[in-house]
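Structure first, commentary second.
Order of the sequence lines fixes the chain letters, A, B, ..., with proteins taken first and strands second; residue numbering starts at 1 for each chain.
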There are 2 protein chains.
Amino acid sequence: MSLRYALIALLTGRPMTGYDISKSFSRSVAHVWHAPDSQIYPELNRMERDGLLTSVEVPWGKKGTKKEYHVTDAGLADFREWMGSPLAPQRQRDPAYLKAAYFDFAEPASVREQLRQQQAYWEEQLSLLEGTRAALVDRTHPTLAARLSKLTGREAELAVRYKVYAYDGLIARARTELAWIADGFALVDELHDS
Amino acid sequence: MSLRYALIALLTGRPMTGYDISKSFSRSVAHVWHAPDSQIYPELNRMERDGLLTSVEVPWGKKGTKKEYHVTDAGLADFREWMGSPLAPQRQRDPAYLKAAYFDFAEPASVREQLRQQQAYWEEQLSLLEGTRAALVDRTHPTLAARLSKLTGREAELAVRYKVYAYDGLIARARTELAWIADGFALVDELHDS
DNA sequence: ACAAACTAACTATCGATATAGTGAGATGGC
DNA sequence: GCCATCTCACTATATCGATAGTTAGTTTGT
């Protein structure tokens with residue numbers, strides 16, 4: 001159900017086509033929520049059917065058209081209701097922790113290799129997150145900038161601060177993962193090198 | 001696919017019935033991997049069909065029987081192969097961060113309430129995780145104890161240390177969430193109280 | 001002039017996951 | 001003796017999500 005609200009959140013910034021949305025989801029939105037095309041397009045249709053979005057046909061080139069989705073008042077009301085309601089507790093389901101608990105079933109060399117891959121992944125994530133955070137702080141982030149242009153100074157301040165807050169959480173999480181991975185290297189050395 | 005390996009991992013400790021497994025999944029295993037009955041029973045059947053598990057009918061009371069699942073050599077080989085292969089990078093999909101980024105759409109009172117709920121959830125998780133970690137360290141954890149009885153001193157040491165390592169990661173993650181939530185309270189106060 | 005790359009909007013298929021049940025036998029407390 | 005609760009093994013239904021396509025028009029570089 002959260003995909004629906006991720007879509008409304010994104011479209012409060014500016015109207016977008018399914019294609020624009022798909023691109024956003026494979027770039028910055030992916031830090032917060034990942035979704036493939038095969039979920040996005042059907043969900044947009046359902047949301048239009050449910051009256052949360054309306055679409056406007058916009059010409060594209062000579063013959064082509066594209067569909068630009070706009071959030072309706074009903075959509076905004078639905079979003080605000082979701083924003084005001086409590087979240088269901090999240091279920092744990094992270095294969096990295098499952099694997100780590102059973103590292104004694106793998107070769108030390110393989111464990112080190114897997115730790116290196118996880119480390120590379122989280123370092124890249126961290127650098128992407130820090131880049132996005134900086135773009136939010138100086139208000140050059142494109143989706144945020146579009147939204148800010150419609151807000152008062154006070155409202156803009158809130159919008160920016162909460163987004164930076166969310167990214168600070170993601171950055172802290174990435175750093176925690178990296179620290180855990182570093183501990184993993186130390187543990188493998190201790191258990192298999194001495 | 002990870003459910004399959006979570007099941008083999010659990011059954012390397014001791015043979016279990018589907019019911020035992022279901023109970024384990026709603027208790028300690030849930031820290032690492034959550035799954036409902038409707039996934040567990042069909043997956044056990046598929047795994048038996050694929051030769052990763054065998055089941056033994058065991059009498060239960062006067063008339064009843066129960067099915068005890070044992071890991072086969074093929075199952076263990078499959079598990080070791082998975083343990084030695086790299087993990088696909090994990091996709092971000094956490095509604096708490098999505099929501100936090102748009103807290104400006106909710107009432108401050110509602111934001112505080114949601115932060116309190118998240119805080120209560122993570123504090124409870126943290127205390128469960130710390131309890132389980134302690135039980136691993138002193139080797140009183142039932143599933144671990146069953147497995148240790150089949151291992152040499154050296155092997156047991158590895159099994160315990162890696163499990164403790166996994167829990168240390170989960171504990172660090174819970175603490176990071178709690179620190180982020182505390183920052184959330186401070187931010188709401190700053191933005192709406194002054 | 002033409003090809004490569006990009007924009008646009010999907011669909012098909014399959015496995016994963018959630019929610020919510022069913023129904024039968026077993027056991028413990030009073 | 002019987003009732004509540006636990007053990008056991010499922011099933012039904014629906015949605016979520018991943019992977020991998022398809023089809024068509026547009027823009028850009030050479």
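- Residues B/Asp37 and B/Ser22 share a closest heavy-atom pair of OD1-OG, 2.6 Å.
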Is there any protein nitrogen or oxygen under 3.5 Å from a nitrogen or oxygen in nucleotides 24-28 of chain C, and what are the pairs?
from   : atom 1 : to      : atom 2 : distance (Å)
C/dA26 : OP1    : B/Trp60 : O      : 3.3
C/dA26 : OP1    : B/Lys62 : N      : 3.0
C/dA26 : OP1    : B/Lys63 : N      : 3.1
C/dA26 : OP1    : B/Gly64 : N      : 3.3

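- Evaluation of the salt bridge (Lys or Arg N to Asp or Glu O under 4.0 Å) test over residues 77-88 of chain A, restricted to residues two or more places apart or in two chains, returns none.
- Less than 4.0 Å separates DNA chain C from at least one heavy atom of each of the following residues of residues 33-46 of chain B: B/His34, B/Pro36, B/Ser38, B/Gln39.
- In this pair, B/Tyr167 and B/His31 present their aromatic rings perpendicular. The plane angle is above 60°, beyond the 30 to 60° band.
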Are B/Val111 and B/Leu115 close enough, and set up right, to give a side chain to side chain contact (heavy atoms under 4.5 Å, CB included), and what steps lead you there? CA-CA 6 Å; B/Val111 171; B/Leu115 287 172; 4.0 Å; yes
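- Between A/Met47 atom CE and D/dC16 atom P the separation is 12 Å, expressed in whole Å.
- Considering only residues two or more places apart in sequence or on other chains, B/Asp73 meets the side chain to side chain donor-acceptor pair (under 3.5 Å) condition with none of them.
- Relative ring orientation between B/Phe105 and A/Phe79 is described as perpendicular, the plane-to-plane angle rising above 60° on a 0-90° scale split at 30° and 60°.
- If you measure from atom CD of A/Glu57 to atom P of C/dA8, you get 13 Å, rounded to the nearest angstrom.
- For DNA chain C, no neighbouring residue in residues 8-25 of chain B is found when judged by any heavy atom under 4.0 Å.
- For the pair A/Lys67 and A/Trp60, the NZ or CZ position fails the cation-pi test of under 6.0 Å to the six-membered ring centre and within 45 degrees of the ring normal.
- For B/Glu107, the CD atom is loosely surrounded, since the number of other residues' heavy atoms within 6.0 Å does not exceed 12.
- We find that CG of B/Leu3 is positioned 17 Å from P of D/dG17, with the value rounded to whole Å.
- Between A/Arg93 and C/dA18 there is a side-chain N or O to OP1 or OP2 distance below 4.0 Å.
- For the pair A/Lys163 and B/Phe103, the cation does not sit on the ring face, since its NZ or CZ is not both under 6.0 Å from the ring centre and inside 45° of the axis.
- Sequence neighbours left out, the pairs with a member in residues 7-19 of chain B that pass side chain to side chain donor-acceptor pair (under 3.5 Å) are B/Thr17-B/Asp20.
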